[in-house]
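I have placed the structure first, in the form of structure tokens, so that the comments after it can refer back to it.
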Amino acid sequence: MADNPLTVPAKAGRTIVESGALLACPLLGTDRFVKFCSDRGLDIDRERLIRLERLGLFAPVFRVRTPKSSTEPFRIPPTKGNNWFSKGWARDTTGVPSRHAVPPHNDQTREGYYSIFQIHQLDSVLSAFTLQLRLDSFVDLDGEGPFQWQEAGTRWLNHARDLAGSLRDHQYRPAVALLCQYISNRYYPHTQSDMRIQQVRKSLSSDQWIFVNAQDWDWEEEARHWNPRETEKIFGLTQENLGRAYRGLSVAQAHCDPIEPWYQLTQFIAMNEREKLKGAALRAETLRAGAFMLGLLYKDLYGEELPHPNEVTRTIIRHIPETAVRDDVRRHLEFVANRFHVNPQPRLSLIVEGQTEEIAVTQIFERFFGAHPGTFGIEVVVLGGVNVATGGKKEDRFRAIMRLIDYLHHHQTFTYLLLDNENYASRLKKAAKEMKSIHTDHRYVTRPDYIRIWKTSFEFDNFSCTEIAAALGEAAEDRVQFTSRQVAAAKQEKHPGAALGQLFRCKTGHDLPKISLCESLVRCMFSPTSRRKIENRPIVRALNRVASLAARNHLPVTQGTKDANQESTFLGLKRTPPARTGRKPTS
């Protein structure tokens, strides 16, 4: 036997007002409702709205009229002695078919109040009574005799009259809208969310007829005392007709939303930004809110979670990301951002010793690769020296940097180190072959080839003594000249970097400006008079590897893909996990 469809309860409008079911989502006066609908792409004005009401096709939730004697506004929720319904100054207009008197559109002594969820019903009515003509087809008939406008117009008008007759008794869409409004105090704040923060609006609103005070309303208290069975009884809900209403609104919002394919991403966008949408996209936001509320009511009543409104009409073979992941909103957002390629997470962290290397890397990327390293998903991290990387205690000397690498690799950000050959750099690279990841049993922390140690230092490995001598002269503003022999002698010292700084200090009386030296060396590198090809510089070969690794790092869109990537050899050398020993069962 077919289930009974939703119908409009008797005096639904009065029930909504007297129960205060308009604090979280206020009703709108006529002009505000017209603007609300116009902003959402509906062709409506005050005159047309009132005309539809007069035809019995669409009506507000309730109407008020100005009392003959001076009195205070209608307070909502109503207070004792102030209930305008009892006094005859307010009238429920939700009856189907409509039998209430409708004022002219320019009558300023009466006002109608509408629910935002009635927009779905209004859209349906407007679509039925809006005729679209392609006049070019009539122009094309010029040579075939006159078009019978009178006959066509009569046929269209008769069709409209028949349609109006059937819609006057239509209850399903008005009932869905009124149901959404009735449950809005409990569920609407859940829909005003970016999946992390919910907005509960407590405000005052008033005009010359009504005064709505939501400032003292407590949503959490509302939730604690909410009884969904009362709603079920008032609206005659069953699992079947409520599920049908949910599916109907879900299909409607997905059908009208021009950005529906991106719903997984847009649901994480801040509410104040989504409110800037226009037309049908903004209308879909309202319909989706209604669908979400019906879904929450369904779960409270029948203990079953319905599919996401945008997944109602789809056959989901494999959820992306998995449904279990969605309980953790941060991880859900991470996978969605990966899918749409908007996650700013670095594909690779290039760790360098100091600011000079950072400047050199950035300038080389911009001049040789044609863009800032960030464009390639590469983050340049300044370490501040090998000692910082290896730690202070002897037994913990390599653990600090290796645990950082392990953490980054666990989040699938490749790490690549560029270090000078001093202090414990070579032992750090050796440790990379032995330290196991704490996040997986299947690999080591990293690959030794992801750690590049200069034979001497960044400057001496990538530039000749002649080039360094010329750059030192530029750094000294050409007041002092340096020779390649002097630079070569510094290179032979135990600490060549410090020796180079000492050479500059002895000849100029000032500390070596490392940044100026770095910029001069990079200019020399790209000089057309340079004898050495750019591609043959070790730093460029290293950065080519870095760029290739970043390009190959595709961030996962599911937990399954992420787990598989964690066990791959891209992040670290593979190792055999320890055998699991178990106690034999006793008889």
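We number each residue from 1, following the sequence as shown.
- Thr446 places none of its side-chain heavy atoms less than 4.5 Å from the side chain of Leu571.
- No side-chain N or O of Ser516 forms a donor-acceptor pair with one of Glu474 less than 3.5 Å apart.
- Formation of a donor-acceptor pair under 3.5 Å by the Glu467 side chain with backbone atoms of Ser464 is found in this model.
- With hydrogens and angles disregarded, a donor-acceptor distance shorter than 3.5 Å links the side chain of Gln566 to the backbone of His410.
- Judged purely by atom type and a 3.5 angstrom limit, Asp406 has no side-chain atom pairing as donor or acceptor with the backbone of Ser437.
- Ring planes of Tyr187 and His190: tilted class, angle from 30 to 60°.
- Gln559 places a side-chain heavy atom less than 4.5 Å from the side chain of Arg331.
- Using modelled atom types and a 3.5 Å distance limit, the side chains of Gln267 and Asp194 yield no donor-acceptor pair.
- Between Phe458 and Phe463, the ring-plane angle classifies as perpendicular under the 30° and 60° cut-offs.
- Not a single donor-acceptor pair under 3.5 Å links the side chain of Gln363 to the backbone N or O of Ala360.
- Residues Gln502 and Glu493 have side chains not in contact (no heavy-atom distance under 4.5 Å, counting atoms from C-beta outward).
- Heavy-atom minimum distance, Trp454 versus Pro538: CZ3-CB, 3.7 Å.
- Relative ring orientation between Phe365 and Phe376 is described as tilted, the plane-to-plane angle lying within the 30° to 60° band.
- Of the candidates Arg537, Met525, Arg523, Ser530 forms a side-chain contact (heavy atoms from CB on, under 4.5 Å) with just one, namely Arg537.
- Looking at Glu260 and Asn310, their side chains do bring a donor and an acceptor atom within 3.5 Å of each other.
- His554 has its ring centre no less than 6.0 Å from the ring centre of Phe570.
- Inspection of the Thr415 and His409 side chains reveals an N or O donor paired with an N or O acceptor under 3.5 Å.
- The ring of His439 has its center no closer than 6.0 angstrom to the ring center of Tyr407.
- Between Phe292 and Tyr188, the distance separating the two ring centers is not shorter than 6.0 angstrom.
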Original post:
When you look at Arg288 and Asp257, which way does the salt bridge (charged side-chain N to carboxylate O under 4.0 Å, His left out) test go after all the steps?
Top reply: CA-CA 10 Å; Arg288 191 177 301 115; Asp257 191 357; 2.7 Å; yes

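- Cation-pi contact between Arg40 and Phe36: present, with separation from the ring centre below 6.0 Å and deviation from the ring axis of at most 45°.
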